[in-house]
Amino acid sequence: MAPRRNRVSTLPRLQLWVLLFLPLLLVPQPIAGHGGKYSREKNEPEMVAKREPGEEFRMEKMNQLWQKAQRLHLSPVKLAELHSDLKIQERDELNWKKLKVEGLDKDGEKEARLIHNLNVILARYGLDGRKDTQMVHSNALNEDIQDELGDPRLEKLWHKAKTSGKFSSEELDKLWREFLHHKEKIHEYNVLLDTLSRAEEGYENLLNPSDMSHIKSEALSSKHGELKDRLRSINQGLDRLRKVSHQGYSPTTEFEEPRVIDLWDLAQTANFTEKELESFREELKHFEAKIEKHNHYQKQLEISHQKLKHVESIGDPEHISRNKEKYVLLEEKTKELGYKVKKHLQDLSSRVSRARHNEL
């Protein structure tokens, strides 16, 4: 992880600026220009109004990606996370197709963002063929993975925290999730840079100065602000981990879930009125409860998966059938909650982003 950490902290401003603009310049081939499973005919809204029996998604492209992921032997929790990401992507692509029919994406900005988002998903779950972009993720606190944070600074902080005696086992579990969240933020940022870099290499010969004419200054400002927010969030997250690792948790902590803490920190510096900020705080409380419920089901899914593997090794048909039925129910509930959490996070993040950039 060390090389990736360096890329976050030392990337030249010029490279950041170039990569920042790239999603707005990409041509639409990755979504509907390759023929076969990615062809326009296979993925037009009217062709996917209803999900086919036995298929997870309405768009054939998403079903192909889902089937490929299942062959990669990802963990049940990670597969459920991918399922939620693909559901969000499918929803956004179908909404975009309706907008396109109405002539509301003439400059191709929304389509470029969809292409970029899909490429990030492919990289995040190792579906782009590059094994090094996959990331081990688990909410479980166990001896096999707890020191594999990939960053000496994080590992030093974690070791100090778990040997300090300042944390209960429940608090250590909560802190471990914060460390994982921080590692994931760095990973996501580097995946973003890798994706944009490879896209730049693939499209640089297709670009000329006239391609820049349709890009509006406000779109560039939004992209620049988004990247600044990501970097700021990483730096603030590391500062928070240092403080908590040394001092322990404060009894007056507003929120506990890392994603909610990030949103609340951003919201407090956004252009919200006092009433709007209080309303946002209440919504974050509901969001945190939703995340906690999702985390519970993720843990239950992991336990059910291990139990099913054990029962299958024994070979008792009755027990296998009973445990498989329970596992399938947990899997579906975890997917459903994962989608709701990601959609809610997307909505809340958009609101904060708009409020922050409206003041610029």
Side-chain angles (χ1 to χ4, degrees), residues 21-69 81-125 127 192 195-196 199 203 206 211 213-223 225-226 283 287 335-355 357-358:
F21 298 160
L22 195 59
L24 304 180
L25 304 177
L26 302 183
V27 293
Q29 283 86 343
I31 282 186
H34 287 299
K37 65 188 178 186
Y38 296 105
S39 66
R40 188 173 303 278
E41 293 77 10
K42 293 286 188 180
N43 293 285
E44 283 294 336
E46 58 269 24
M47 297 296 292
V48 292
K50 294 182 179 179
R51 187 174 64 182
E52 293 297 322
E55 293 189 340
E56 291 286 335
F57 302 93
R58 291 181 291 168
M59 294 181 71
E60 185 165 333
K61 172 173 60 179
M62 302 303 171
N63 282 312
Q64 294 285 347
L65 291 173
W66 178 245
Q67 292 164 13
K68 180 177 180 180
E81 287 292 293
L82 170 62
H83 191 276
S84 302
D85 281 334
L86 291 179
K87 277 289 186 184
I88 294 287
Q89 180 71 17
E90 180 179 62
R91 181 203 64 177
D92 292 344
E93 288 198 20
L94 293 178
N95 287 341
W96 166 77
K97 288 175 186 292
K98 293 177 183 177
L99 291 177
K100 186 179 180 183
V101 169
E102 298 169 3
L104 299 179
D105 189 32
K106 292 181 180 179
D107 61 1
E109 180 183 341
K110 290 182 176 62
E111 184 174 18
R113 179 178 287 275
L114 284 171
I115 295 170
H116 161 69
N117 290 345
L118 181 59
N119 286 336
V120 169
I121 291 173
L122 298 181
R124 180 185 300 153
Y125 295 96
L127 296 172
L192 171 64
T195 303
L196 295 179
Y203 288 99
L206 301 177
D211 293 324
S213 61
H214 72 284
I215 300 177
K216 299 178 181 179
S217 60
E218 58 266 26
L220 301 182
S221 175
S222 175
K223 277 290 183 184
E226 179 183 346
E283 189 165 355
F287 180 50
K335 289 176 184 176
E336 177 189 342
L337 286 171
Y339 174 79
K340 291 179 179 179
V341 165
K342 286 179 182 291
K343 184 178 182 299
H344 202 168
L345 176 62
Q346 189 181 64
D347 294 342
L348 291 171
S349 299
S350 296
R351 281 173 56 189
V352 172
S353 180
R354 287 195 300 270
H357 299 135
N358 282 343

Open item on the list: Would you compute the distance between atom CG of D92 and atom CD of Q346 and round it to the nearest 0.5 angstrom?
Closed with: 5.0 Å
Open item on the list: Between L82 and L65, is there a side-chain heavy-atom distance shorter than 4.5 Å?
Closed with: no
TODO: Using modelled atom types only, decide if a donor and an acceptor are shared between the side chain of S353 and the backbone of S349 within a distance under 3.5 Å.
DONE: no
TODO: Output the distance between atom CH2 (W96) and atom CG (L104), rounded to the nearest 0.5 Å.
DONE: 12.0 Å
Open item on the list: Rounded to the nearest 0.5 Å, what separates atom CD in E55 from atom CD in Q67?
Closed with: 7.0 Å
Task: Distance (rounded to the nearest 0.5 Å) between E111 CD and H116 NE2 - done: 14.5 Å
Open item on the list: Going by the rule side-chain contact (heavy atoms from CB on, under 4.5 Å), which residues pair with D347 if we only count those two or more places apart in sequence or in a different chain?
Closed with: K343
Open item on the list: As an exercise, state the distance from CE of M59 to NZ of K87, rounded to the nearest 0.5 Å.
Closed with: 12.0 Å
TODO: Taking the side chain as every heavy atom from C-beta outward, state whether L348 and R351 have any pair of such atoms under 4.5 Å apart.
DONE: yes
Task: Closest heavy-atom pair and its distance - G338, S84 - done: C-OG, 3.2 Å
Open item on the list: Using modelled atom types and a 3.5 Å cut-off, is there a donor and acceptor pairing between side-chain atoms of Q89 and backbone atoms of L114?
Closed with: yes
Open item on the list: Within the structure provided, determine whether L86 and E56 are in side-chain contact (heavy-atom separation under 4.5 Å).
Closed with: no
Task: salt bridge (Lys or Arg N to Asp or Glu O under 4.0 Å) against K340, all qualifying residues, sequence neighbours excluded - done: E336
TODO: For D85, check side-chain contact (heavy atoms from CB on, under 4.5 Å) against everything at least two apart and list the hits.
DONE: I121, R124, Y125, K342
TODO: Could you grab the distance from atom CG of L94 to atom CG of L99, nearest 0.5 Å is fine?
DONE: 11.0 Å
Open item on the list: Does the plane of the ring in F57 sit parallel, tilted or perpendicular to the ring in H83? Use 30° and 60° as the thresholds.
Closed with: tilted
- [ ] Apply salt bridge (Lys or Arg N to Asp or Glu O under 4.0 Å) to K110 and list each qualifying residue two or more places apart in sequence or on a separate chain.
- [x] none
TODO: Carefully, step by step, assess L118 and E93 under the rule side-chain contact (heavy atoms from CB on, under 4.5 Å).
DONE: CA-CA 10 Å; L118 181 59; E93 288 198 20; 4.2 Å; yes
Open item on the list: Could you work out, with ring-ring contact (aromatic ring centres under 6.0 Å, His included) as the rule, every residue matching Y339, not counting sequence neighbours?
Closed with: none
